[in-house]
Amino acid sequence: MVVSNRLPVHRVVVDDRKGWEISPGGLVSALLPVLQSRPSTWVGWSGTSETDLEPFMHDGIRNQPVPLTSGEIETFYEGFANRTIWPLYHDAIATPTFRRRWWQPYVSVNQRFAKIATDCTSKGGIMWIQDFHLQLVPAMVRHQRPDIRIGFFLHIPFPPPELFSTLPWRRQILEGFLGADVIGFQTRANAANFRTLARRYAGAVIKGRDLIYQGRTIRVDAFPISIDVGRYHHLAESEEVSKKAIDFRRSLGSARKIVLGVDRLDYTKGIDIRLKAFRELLKTNRIGLEDATFVQVAVPSRERVEEYKELHNKVDQLVGEINGTYGEIGRMPVHYIQRNMRIEELVALYLAADVMLVTPLRDGMNLVAKEYVASRKDNTGVLILSEFAGAAQELKSALIVNPHDIEDLSDSINHAITITNAEEVRRMRALRRVVRNNDVFKWADRFLEILER
Ligand code: ADQ
């Protein structure tokens with residue numbers, strides 16, 4: 001049983017007929033094979049306003065929809081999840097909003113998920129709950145059904161005590177997590193933050209990596225998530241993708257190097273800062289149009305939330321300003337694409353890019369960094385990686401930067417553009433070894449193996 005905010009499928013309408021299609025993404029592709037090998041159910045919101053959806057089978061998995069009202073989408077999802085928890089857990093880069101009227105809907109939606117999920121879990125079954133939308137579900141499930149083995153994985157960072165302590169509902173959230181038997185985080189530091197806070201506010205006792213709480217032993221550990229490495233490798237080898245990469249390069253003109261960024265348009269990802277660093281290089285004449293061109297792909301997300309609208313405008317403005325100031329007819333320093341791309345197109349871009357910029361101010365893991373590395377089949381390419389992404393704990397051979405430091409960032413871009421072939425290959429080989437050794441299947445196996453013990 002997997003429980004997450006969204007089902008692994010989304011609605012498609014073809015010739016006026018409604019159907020479902022598997023959603024792209026690492027979590028879905030990691031869990032599908034695991035779930036398909038045994039009778040399983042995925043509980044989640046369908047992403048639509050339909051409230052009368054019956055459970056349905058898709059690709060060998062039973063999908064159990066959880067309805068959300070438009071009021072709950074505003075208070076539970078856009079409010080408590082996206083404007084309270086998301087910014088608080090990302091170092092308060094945007095100021096978290098604490099609004100009392102969002103709390104009750106968060107509790108009642110969590111209750112609905114817990115009820116629907118327990119109702120379809122057999123005796124002694126295994127339940128794996130995902131992410132920050134559902135932090136209360138583990139305790140709610142335990143309360144109703146102590147026979148179930150409960151796992152919880154947080155995809156985003158878990159903040160240090162000074163920050164988390166400001167949350168008015170800190171105790172309730174911690175107690176929610178503590179209903180699980182295994183609690184997984186992206187990094188060891190995140191897991192340590194949780195243990196400290198569980199001791200401070202919930203009276204848990206720390207014993208190595210475990211917590212003792214209400215007579216139970218709870219495993220609290222780091223499980224760094226990864227990608228389906230084989231799939232990226234396979235795509236990078238395909239003729240269609242290789243051709244597309246050559247096309248991309250050709251259409252980007254004669255600049256020697258292509259620098260790439262791929263992100264959800266989110267204020268945690270540091271998109272504006274990397275544009276400023278690139279502008280700095282142009283402004284100080286350290287690079288010219290013939291040296292490098294910067295491609296930023298950003299898919300809009302959470303567009304109804306104010307901070308996201310502001311970021312959208314800010315990035316539009318910066319791109320316009322850089323191109324207006326430093327561009328020439330037919331030669332623009334920045335190419336900005338604001339839409340979803342097919343995975344084949346993304347891998348082609350990864351293949352075309354000499355330098356990949358992953359500069360979040362804070363990020364749970366960052367899968368884009370791993371996707372780039374997995375696609376670089378000829379061991380070239382330079383990854384510039386923020387020290388504040390979970391991925392930096394593993395990808396130590398990247399050029400590691402502090403994204404708050406524009407000079408450090410522009411120096412690193414300059415270094416990446418002028419790097420020697422020997423250094424480039426040495427770094428990429430080491431990165432590829434790390435990514436190959438921990439793919440998403442290993443991640444899921446390790447978590448489930450501990451949960452099933
Ligand atoms: P995200 O914040 O969404 O995930 P990330 O890990 O980078 O961040 O994953 C984004 C995914 O979306 C990647 O697979 C990427 O290829 C894809 N993507 C990005 N832009 C795209 C575009 N324009 N078109 C198509 N696909 C695009 C959250 C956490 C992360 C954590 C993951 C997984 O915030 O820290 O790594 O979950 O746990």
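Quick caveat, the model's predicted, so the values are computed rather than measured. As the structure lists them, so they are numbered: ligands from 1, and atoms in each ligand from 1.
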Output the list of atoms in ligand 1 that are nearer than 4.0 Å to some heavy atom of [X], sorted by atom number.
X: Asp263; result: 20 (N)
X: Arg339; result: 22 (C), 23 (N)
X: Arg264; result: 1 (P), 2 (O), 3 (O)
X: Gly364; result: 35 (O)
X: Trp86; result: 34 (O)
X: Val368; result: 7 (O), 15 (C)
X: Leu346; result: 16 (O), 25 (C), 26 (N), 27 (C)
X: Gln186; result: 31 (C), 38 (O)

Test item: [X] and [Y] side chains (from C-beta on) under 4.5 Å apart, heavy atoms:
X: Phe76; Y: Thr69; result: no
X: Asn414; Y: Leu281; result: yes
X: Val109; Y: Tyr77; result: no

Inset, instruction - Have a look at ligand 1 and work out which part of Ile225, if any, has a heavy atom under 4.0 Å from it: side chain, backbone, both or neither. - result: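 The answer is the side chain.
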Inset, instruction - Report yes or no: does a heavy atom of Arg342 sit under 4.0 Å from some atom of ligand 1? - result: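 The answer is no: ligand 1 sits nowhere under 4.0 Å from a heavy atom of Arg342.
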Inset, instruction - Take every heavy atom of Phe132, measure it against each atom of ligand 1, and state whether any distance is under 4.0 Å. - result: no
So is there a nitrogen or oxygen of [X] less than 3.5 Å from a nitrogen or oxygen in ligand 1?
X: Met341; result: yes
X: Phe153; result: no
X: Asp363; result: yes
X: His90; result: no

Inset, instruction - Say whether, by atom type as modelled, one donor and one acceptor occur between the side chain of Asn323 and the main chain of Val334 under 3.5 angstrom. - result: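 The answer is yes, because a donor-acceptor pair under 3.5 Å joins these two groups.
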Legend entry - Heavy atoms of other groups near Lys309 NZ, more than 12 under 6.0 Å: yes
Who gets closest to [atom] by heavy atom: [options]?
atom: atom 25 (C) of ligand 1; options: Ile156, Asn340, Thr268; answer: Asn340
atom: atom 20 (N) of ligand 1; options: Val297, Val262, Val440; answer: Val262
atom: atom 1 (P) of ligand 1; options: Lys269, Glu345, His155; answer: Lys269

Inset, instruction - Going by the salt bridge (Lys or Arg N to Asp or Glu O under 4.0 Å) test, name the single residue among Arg256, Arg249, Arg376 that passes it with Asp354. - result: Arg249
Inset, instruction - Step through it carefully: locate the ring centre of Tyr89, locate the ring centre of Phe132, and say whether they are under 6.0 Å apart. - result: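 For Tyr89 and Phe132, the ring centres are not under 6.0 Å apart.
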Name each donor-acceptor pair under 3.5 Å that joins a side chain in residues 443-450 to protein atoms two or more places apart or in another chain, with its distance.
| from | atom 1 | to | atom 2 | distance (Å) |
| --- | --- | --- | --- | --- |
| Trp443 | NE1 | Phe223 | O | 3.0 |
| Arg446 | NH1 | Ala222 | O | 3.2 |
| Arg446 | NH2 | Ala222 | O | 3.3 |

Inset, instruction - Tell me whether the guanidinium CZ or amine NZ of Arg62 lies under 6.0 angstrom from the six-membered ring centre of Trp42 and within 45° of its axis. - result: no
Inset, instruction - Decide, yes or no, whether a salt bridge links Arg302 with Asp266 under the criterion of side-chain N to carboxylate O below 4.0 Å. - result: yes
Extract all donor-acceptor atom pairs below 3.5 Å that involve side chains of residues 357-370 and protein atoms in other chains or at least two apart in sequence.
| from | atom 1 | to | atom 2 | distance (Å) |
| --- | --- | --- | --- | --- |
| Thr359 | OG1 | Gly270 | O | 3.3 |
| Thr359 | OG1 | Arg274 | NE | 2.8 |
| Thr359 | OG1 | Arg274 | NH2 | 3.3 |
| Arg362 | NE | Asp91 | OD1 | 3.4 |
| Arg362 | NE | Asp91 | OD2 | 3.0 |
| Arg362 | NH2 | Asp91 | OD2 | 3.3 |
| Asp363 | OD1 | Lys269 | NZ | 3.3 |
| Asp363 | OD2 | Lys269 | NZ | 3.0 |
| Asp363 | OD2 | Asn366 | ND2 | 2.9 |
| Asn366 | OD1 | Val368 | N | 3.0 |
| Asn366 | OD1 | Ala369 | N | 3.1 |
| Lys370 | NZ | Ile225 | O | 2.8 |
| Lys370 | NZ | Glu394 | OE2 | 2.8 |

